[in-house]
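Below is one structure, written out as structure tokens; the observations come after it.
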Amino acid sequence: MTKNLLIVESPAKAKTIEKFLSEDYTVKSSFGHIRDLPKKGLNIDIAHNFEPKYEISSDKKRVVADLKQAARNRQVWLASDEDREGEAIAWHLTQALGLDPKTTKRIVFHEITKPAITDAIAHPRVVDQQLVDAQQARRTLDRLVGYELSPILWKKVRTGLSAGRVQSVAVRLLVEREREIKDFKPVSSYKVTTIFTDKKGHEVPAELTTKLKDAGQTKEWLNKIKAATFTITRVEKKPGRRSPSPPFTTSTLQQEASRRLGFSVRQTMVLAQRLYEAGHITYMRTDSTNLSDIALHAAADYITKTYGGQYSQTRQYKTKNATAQEAHEAIRPTDLKKTTIRGEQKQQKLYQIIWQRTVASQMAAAKVEKTEVTIDISNQSEQFLAKGEILRFDGFLRVIGGKKEDMILPELESGQNLDTKRITATEVFSRPSARYSEATLVRKLEDLGIGRPSTYAPTISTIQSRGYAEKIDIEGTDRQITELTLEHGTITSKQVTVTTGADRAKLVPTPIAEVVTDFLVKHFSNIVDYDFTARVETDFDQIERGKESWQKMIASFYKDFHPLVKKSEDIPRQEVSQAHLLGHDPKNGEPIYARYGRYGPMLQRGETENKDKKPDFAPMPAGQTIESVTLEQALDMFTLPRIVGTTEDGQEIKANIGRYGPYIQVGQTFVSIKPLDPRTITETEARKLFRDKQAQDAAKSIQEFSSGIKVLNGPYGPYVTDGKKNARINAKQNPAKLTEKQAKELLALHKTKIRRHKQSV
DNA sequence: CAGTGAGCGAGCTTCCGCTTGACTT
């Protein structure tokens, strides 16, 4: 039996540390937090000084029981991370294990090395209650905000929605960026380029430093320079340098893996976790760019031996983020000598970029020689500029690649004349800000100091699973641009088609996100303010320094926040759904509204409060918004559904526009009529489409039982269906001879379909 | 693929942050 029990947060860390300690120590892990507010209910006693009611988390009961057992008759050392959350974990451990926080030994270390741990054990302290209190304030604030705001959304917008300090700001960022893109008016201008030649025929590519306004001005300008001569007025050579980036933090790793490898934020974290568990890299949830002394020495040693001393440059990077807690090192390989690892290909790739980034960060800057040549036009004030760049020393680029082709200009002198055969002016358009990808949204949140490394990936998942955002590929649209060319003294104009606006795997907000954001910005502006987190962080700071009690801070916040929650109960749903009165139906005087519904913008005729007659609904006409739609357009939509006529056997044919476009309906059968218009489709057209569909269904049907169970031919082979559940028929059975009993058995065997997102890891 | 949107009303949803498995298709 050992004398000491040392508790860390992560089991992988426990395993490593145990090796560094004498046989007197048993090392166990808490697997993160062990106690928390129960999931159900607020569990904060507002009337009694915001007293939180903690409980052991359900998935940690066994961990706690095990730790309790291990703590018996042993000296306990609490070695959770050195940050707010880590301190709270240490304190919760004292509470759950029945230890005295005033005397239980608390230690911290920043590197998992023998000297660091030995040193930590030599200098124990006790739990820092002020730091714990700052965490309690953080926890309580998040619970109050999340659990008081979300129910308002259930009532006013849609059940199951959520709001919170982090996710609501993330959604707001998406909504505002999307609106910026929608409102953006691209401005066109003309970029002028040419390739000059000197007397010896060497080429000098150059671009006009100013852009020309429009086609008219550009033509005029090109006309004038027909007679111009071109003279070099300045040749400037200057040294330049490119420096390596700091080692990876969670957020920069996610960005780089997204950019270079196309990984989602979640995928990157799963792969990094495996690399960490295999001992290949240091901890992957960190906000620090710091490298341990041992790592710095190892890097210098490796670089000097492999590439030579001139490539080595030891650097310690300062973490820029003000809210960083720096409990861990940067993400780096545990052994730089391992340039590659074995294992799954995606893990290898991720390891490779971590290795490169770490080594590069300790290498010399790349040195370039830049040349700039200014060329004057004899009869115009604009100037051409030619740029050359030659790499003189590759430095860190040797490891990460990314070398640009040298752009070598011939030897040129001021006063020298240049010739040109052809000058091209191409129409270019200004572009709106880019949509956020998962990784760029994480970067933005980090810049704002919102969220922590362990929550970036879950936050991105949450806003998608709550229906606030969708990750989609956006198809580009074709655009005609003009290209003017001056050659042999004549100007020719040509139209060129380019694709613009195409975007891959970008986060796009849904209509629900717009409604919720507008609601929160209007009534809870404080919470969704971009600097709300930064402001509360300064309050937490005060608590950490013992300048204020955490309950006082929360009380002062709640005093302003809660009345807004109360007040919001009176906000009518009509207002939240942004109902616009378009006018009245001339037939019966009923009001017509454009507003947001569950599935986006829609039209409503009649009042929702009217108990005698429920309102009618119609989809928004294509391309219109609740602001732009007119009364006439809306009335036109209410002519649907329209009775087109009957089928040959007398069944009614209805035509309408649904979620997936125009369709006709006969009984329970729906037939898409794209591209026909449901308002003008004739009975003959409708009958034909319906007959075609019936023929198609007949070809699909193999058997039909009286109970309604059908045996059908599907794209994946024959299957049985009862209308809700589908079950495949196994290859041995003949679908045409399947009995009703067998069909029922197949359906009973088949589990209810669970829809889940594909996980590509 | 699935053709909605109100309201009725029971019973449900929800936050952020720290850590890994235990579960299926």
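Below, chains carry the letters A, B, ... as their sequence lines are ordered, and counting in each starts from 1. These values consider heavy atoms only, across backbone and side chains, with no hydrogens, waters or symmetry-generated copies.
- In this structure, the aromatic ring of A/Y147 is not positioned over the six-membered ring of the base of B/dC15 within 5.5 Å between centres and 30° between planes.
- A sub-4.0 Å separation between OP1 or OP2 of B/dG17 and a side-chain N or O of A/Q135 is absent.
- A/Y593 comes within contact range of no nucleotide atom at all, as no heavy-atom separation falls under 4.0 Å.
- Under 4.0 angstrom from either OP1 or OP2 of B/dT20 there lies at least one side-chain N or O belonging to A/S10.
- Aromatic rings from A/H92 and A/Y54 are positioned such that their centres are separated by under 6.0 Å.
- In this pair, A/F31 does not lay its aromatic ring on the base of B/dT20; centres under 5.5 Å and planes under 30 degrees do not both hold.
- No contact: A/T533 has no heavy atom under 4.0 Å from any strand.
- Residue A/R143 is classed as a base contact, given a heavy-atom separation below 4.0 Å to a base.
- The backbone N or O of A/I681 sits less than 3.5 Å from a side-chain atom of A/R642, completing a donor-acceptor pair.
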Completion exercise
Given Watson-Crick and G-U pairs under 3.5 Å, DNA chain B in dot-bracket ([ ] crossing, | other strand) is .........................
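- Within the 4.0 angstrom heavy-atom criterion, no nucleotide atom of any strand lies near A/G597.
- Residue-level contact check: A/A163 touches the backbone only, with heavy atoms under 4.0 Å from sugar-phosphate atoms and none from bases.
- As judged by a 4.0 angstrom heavy-atom cut-off over every strand, A/R138 is placed among the base-contacting residues.
- Residue contacts shown for A/L149 are absent, as no nucleic acid heavy atom lies under 4.0 Å away.
- In this structure, A/R139 reaches the bases: a heavy-atom distance under 4.0 Å links it to at least one base atom across the strands shown.
- Residue-level contact check: A/Q167 touches the backbone only, with heavy atoms under 4.0 Å from sugar-phosphate atoms and none from bases.
- The shortest distance between the side-chain N/O atoms of A/R62 and the OP1/OP2 oxygens of B/dA22 is not below 4.0 Å.
- The separation of B/dG9 from B/dT13, taken at their C1' atoms, amounts to 16 Å, rounded to a whole angstrom.
- Within the 4.0 angstrom heavy-atom criterion, no nucleotide atom of any strand lies near A/P458.
- Using a distance-only test at 3.5 Å, with no hydrogens or angles considered, no donor-acceptor pair links the side chain of A/R158 to the main chain of A/G597.
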